[in-house]
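Following: one structure in structure tokens, then a few remarks.
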Amino acid sequence: MSPAPRGAAKPSVPKATRVPKRPPAHPHADYLIVGAGLAGATAAETLRAEGATGRIVVLGDEDQPPYQRPPLSKSFLSLNQTPRVSTVLAEGAWQALGIELVLGCRVSRLDTAQRTLHTEAGSSWTYGQLLIATGARPLRLALPGVELPGIHYLRSLADAQAIRASALQAQRAVVIGGSFIGLEVAASLRQRGIEVTLVERGDLFGRFNTPALSDFFQRCFTERGAQVLLGDAPASFSGADRVQAVHTQAGQVLPCDMVVIGAGISPETGFLEGSGLLLDEGVVVDRFLQTSQSGVFAAGDVANFDDPVLGRRHRVEHWDNAIKQGRLAARNMLGQRLPYDEVSYFFSQVFEHSFNLLGDIEPPFERIDRGSLQAGSFAAFYLRHDVPQALFSLGRPSQETRLVENLIKRRVNLSRLKAKLSDPQFTLQQIPNQTFYILQGGGAYGAFECGAVKALQEAGVRPDVVAGVSIGAFNGAIIAGNPERPAEALQAFWAELATLTPVVPDEALRQSLACQQIATWGVQPFFTPRWLQPMLGAEQWPQNWTSLYDTSPMRALLGRYVDFSRLKASPVRLMVSAVDLETSELVVFDSYVDELTPDHILASGSLPPAFPWTTVNGRHYWDGGIVSNSPLERVVERCGSAGKQVYIIDLFPGQRRRLPGNLSEVMARRDEILYSERVRSDVRTREQARDYQRLVDDLMAELPPEAAARLRHQPRYIQLMGDEAPMTITRIVREDSDDAPSSRDYDFSRETVAQLQEAGYRMTRKALQR
């Protein structure tokens, strides 16, 4: 690496938060993060944001605090003025968050049995949870003369500073490798006025199987005075005290003053040999980014993860992936068990052309082109079995890119529409996506949902995802367990719950008597009173009760209607929510992630003080409706919102009601207000997000057009600002008369169940007609 020439301006680097390189006084971290790149820094910040307590320590092998790497191959090299390094977190943020950042610290060995990490300086750290985010290193060529000064690789800030220093003196440069980073470096050096030769052993973008794309970028370079050599590769390097020429395998001699090699990267895993972790082209992790050892996670370039979107295992080497995996790994270190199911983004900028690659291109595939490269507006869709796998997009609207991301992620079959993809005027918003059922909790009012599902089924509306709380979780489990005929299964289930009660002419009196009977004697297939059970020991005595009823009978009833061993393979994804009794955290159980059992469903319906908490895998849960009775927000978090058709069955309408007449009605009315408000809160959150998007649009309008166009192709802009296909919400509302008493959600009488089913059926047909 050559020194910077005299008089060269040194790049300004923000001051780092430093910890002296001496053995720490307290060498234990509750959360230890190895790697101070985007993934590691994002994970540390997310841990605090998600409420992590205890000591968080980040170990970085560079002397700078975490910084943004993408500009290193672009503006950092092309600009004439002294470049500024942009840090991931503002100066002082580490201390404000209570995160310790240890710089210049290289790790040497990991002992997972002792939960200890050793460093080259001789210190060691023990940990509670560990995240490996060490990234990757450039692959180095083993060719004669490759150690000559003036030959560079680009991965770190120090590498970029060395390349920039060489560029201040160089007149001719050779860039080896037509990867994204190779193209970016070649374009940046050419913009500085340096003569550039780009050498690539194949075609540019060869694996894209799009010759027009290779020709287009080759012309971009040649029209700007650069030379592009395809089908050739370096054989050796020569020079006296510095590189002066590259000798190719085809026999050409390329005079130069500097060389930049972009031959790929290799995951940084050397220190993990013998650690007990499973390694295979990186650190092998599951869909939760957890390694083969409990409490050890990996994220970013180093993580070889199980990708449910593409259906295979691979690594993704891009900053967008590092940020997303860092966030998710942090949440899973806190026990949230969220699967990583993001579509990978690759963003690049060559001269004035910004482009994105979404997903992954792997044969066999069918390619459909849209637009024109010459016009600067082009997209190539890559499909396998009519399902989109990848997208190359140059100059296309961010809205389109965002829509295709969701089509890839949801594996939407385009067989009936793919002929229209080549038409730039065909809007992708017209492509249907997924259908959600949102089922609220409400005890006996779950019979209303039963009638609603019958009407939806008759109308041909079948769910892809069912999210339920409390009694909605019970109904949801039966729908997911019986995807072909859910309405019939629900009707049979509710026929077993319907209870025979006294019939009297006065309806109000009948309901009152029914409620008194059920409160006293319970509903035999669902819950039984504790005062009717033998009190054989002190734990059964009333002063030691933690609930009024026993819900054990429901386990057997659910088991008759749902084959839980096959639930994960159901075409209907089931999500149910419950509250962790000890942490107050709302937890989502997901059939695509968890091996659901009757206890998971019971946990969602364990409403105190009537019902006891339910224990699942050592954790204790109460009814999820305590926190949110309408889990729309949680579904959107996991499944996205673009193009979704949402059917919310609203059991607690926020309509005007008469004042309660007694304490029982006061408590019931309180629950009605709480539960109905949750749906409106979810919708307001989305409205607020749209307001922020409009504000960003206004700010973008103030920027120079070229800068605004470049920003619109950044992955973060596309994901936050790209207009999605709208989410359509249909609310199916259970209505009462204005003078009806407040909810009697424990009236499981045969007559009331039949009335609720009929009302659900009727109101759903009415909602669908609207």
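The basis for the numbers below is simple: all heavy atoms, side chains too, and nothing from hydrogens, waters or symmetry mates. Start at 1 with the first residue, then count along the sequence.
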>> With heavy-atom distances below 4.5 Å as the criterion, would you say the side chains of Ile438 and Ile649 are in contact?
In response: no

>> I want to know whether Phe527 and Tyr746 have ring centres closer than 6.0 Å.
In response: no

> Stepwise, does the side chain to side chain contact (heavy atoms under 4.5 Å, CB included) test hold for Met575 with Val635?
Replying inline: CA-CA 8 Å; Met575 286 184 276; Val635 177; 3.9 Å; yes

> Above 12 or not: heavy atoms from other molecules or residues under 6.0 Å from CZ of Arg331?
Replying inline: yes

>> I'd like to know if the side chain of Asn332 reaches the main chain of Gly335, judged simply by a donor and an acceptor atom lying under 3.5 Å from each other, with no hydrogens or angles considered.
In response: no

> For the residue pair Leu328 and Pro339, what are the closest heavy atoms and their distance?
Replying inline: CD1-O, 3.7 Å

> Does Thr528 reach the main-chain N or O of Gln524 with its side chain, forming a donor-acceptor pair under 3.5 Å?
Replying inline: no

>> When you measure from the side chain of Arg48 to the backbone of Ala52, do you find a donor-acceptor pair of N or O atoms at a distance under 3.5 Å?
In response: yes

> Parallel, tilted or perpendicular for Tyr340 and Phe305, by the 30°/60° rule?
Replying inline: perpendicular

>> Looking only at the side chains, is there a donor atom on one of Thr597 and Asp599 sitting less than 3.5 Å from an acceptor on the other?
In response: no

> Ion pair present between Asp650 and Arg734, side-chain N to carboxylate O less than 4.0 angstrom?
Replying inline: no

> With Thr764, which of Val733, Val453, Leu456 fulfils side chain to side chain contact (heavy atoms under 4.5 Å, CB included)?
Replying inline: Leu456

> What is the distance from atom CG of Leu310 to atom CD1 of Ile408, rounded to the nearest 0.5 Å?
Replying inline: 8.0 Å

>> Which residue in the set Arg510, Gln755, Gln517, Gln511 passes side chain to side chain donor-acceptor pair (under 3.5 Å) when paired with Ser749?
In response: Arg510

> How long is the span from the OG1 atom in Thr546 to the CG atom in Leu581, to the nearest 0.5 Å?
Replying inline: 9.5 Å

> Can you name the nearest heavy-atom pair linking Gly443 to Ile471, along with the distance?
Replying inline: O-CG1, 3.4 Å

>> Any side-chain to backbone donor/acceptor pair from Ser570 onto Val572? Under 3.5 Å, distance only.
In response: yes

>> For the backbone of Ser577 and the side chain of Ser604, can you confirm whether one donor and one acceptor N or O come within less than 3.5 Å of each other?
In response: yes

>> Working to the nearest 0.5 angstrom, can you tell me the gap between His600 NE2 and Phe589 CZ?
In response: 5.0 Å

>> Apply side chain to side chain donor-acceptor pair (under 3.5 Å) to residues Gln440 and Tyr445 and explain how you reach the verdict.
In response: CA-CA 9 Å; Gln440 295 183 351; Tyr445 291 146; over 6 Å; no

>> For Tyr437 and Val646: C-alpha separation, side-chain torsions, deciding distance, then whether side chain to side chain contact (heavy atoms under 4.5 Å, CB included) applies.
In response: CA-CA 6 Å; Tyr437 285 0; Val646 181; over 6 Å; no

> For Arg750 and Thr499, does a side-chain donor sit closer than 3.5 Å to a side-chain acceptor?
Replying inline: no

> Just checking, any donor-acceptor pair under 3.5 angstrom between side chains of Ser606 and Thr614?
Replying inline: yes

>> Taking the side chain as everything from C-beta on, heavy atoms only, tell me whether Ser628 gets closer than 4.5 Å to Val469.
In response: no

> So, Arg287 and Asp341, do they make that salt bridge, N to O below 4.0 Å?
Replying inline: no

> Between Tyr621 and Asp580, is a side chain to side chain contact (heavy atoms under 4.5 Å, CB included) present by the stated rule, with each step listed?
Replying inline: CA-CA 5 Å; Tyr621 298 98; Asp580 189 306; 4.1 Å; yes

> Are Tyr761 and Phe448 close enough, and set up right, to give a ring pair (Phe, Tyr, Trp, His ring centres under 6.0 Å), and what steps lead you there?
Replying inline: CA-CA 8 Å; Tyr761 181 83; Phe448 182 91; over 10 Å; no

>> Whether the side chain of Asp594 engages the backbone of Leu596 through a donor-acceptor N/O pair (distance < 3.5 Å, no angle test) should be reported.
In response: no

>> Please determine whether side chain to side chain contact (heavy atoms under 4.5 Å, CB included) holds for the pair Val523 and Ile518, giving the CA-CA distance in whole Å, both sets of side-chain angles, and the decisive distance to 0.1 Å.
In response: CA-CA 6 Å; Val523 176; Ile518 290 167; 3.8 Å; yes

> Would a 4.5 Å heavy-atom cut-off, applied to side chains only, mark Leu607 and Trp622 as touching?
Replying inline: no

> Using 4.0 Å as the upper bound for N to carboxylate O, is an ion pair formed by Asp307 and Arg313?
Replying inline: no

> So does Trp521 have more than 12 non-hydrogen atoms from other groups sitting under 6.0 Å from CH2?
Replying inline: no

> Can we call the ring centroids of Phe474 and Phe526 under 6.0 Å apart?
Replying inline: yes

> Applying side-chain hydrogen bond (donor to acceptor under 3.5 Å, both in side chains), which residue pairs with at least one partner in residues 471-486 are found, sequence neighbours left out?
Replying inline: Glu449-Asn475, Asn475-Trp494, Arg485-Glu488

> By side chain to side chain donor-acceptor pair (under 3.5 Å), which residues pair with Ser591, not counting sequence neighbours?
Replying inline: none

> Is the number of heavy atoms from other residues, nucleotides or ligands within 6.0 Å of CG (Asn617) greater than 12?
Replying inline: no

> Would you find a donor on one side and an acceptor on the other, under 3.5 Å apart, between the side chain of Asp286 and the backbone of Gln290?
Replying inline: yes

> Yes or no on side chain to side chain donor-acceptor pair (under 3.5 Å) for Arg530 and Ser547, after CA distance, side-chain angles and deciding distance?
Replying inline: CA-CA 8 Å; Arg530 295 207 179 275; Ser547 68; 3.0 Å; yes

> How far apart are the closest heavy atoms of Val343 and Lys324, and which atoms are they?
Replying inline: O-NZ, 3.9 Å

> Is the shortest distance from a Lys or Arg side-chain nitrogen in Lys409 or Glu405 to a carboxylate oxygen in the other one below 4.0 Å?
Replying inline: no

> Can you check whether Ile479 reaches Leu439 side chain to side chain, under 4.5 Å on heavy atoms?
Replying inline: yes

> Rounded to the nearest 0.5 Å, what separation is found between the OG1 atom of Thr752 and the CZ atom of Phe748?
Replying inline: 10.5 Å

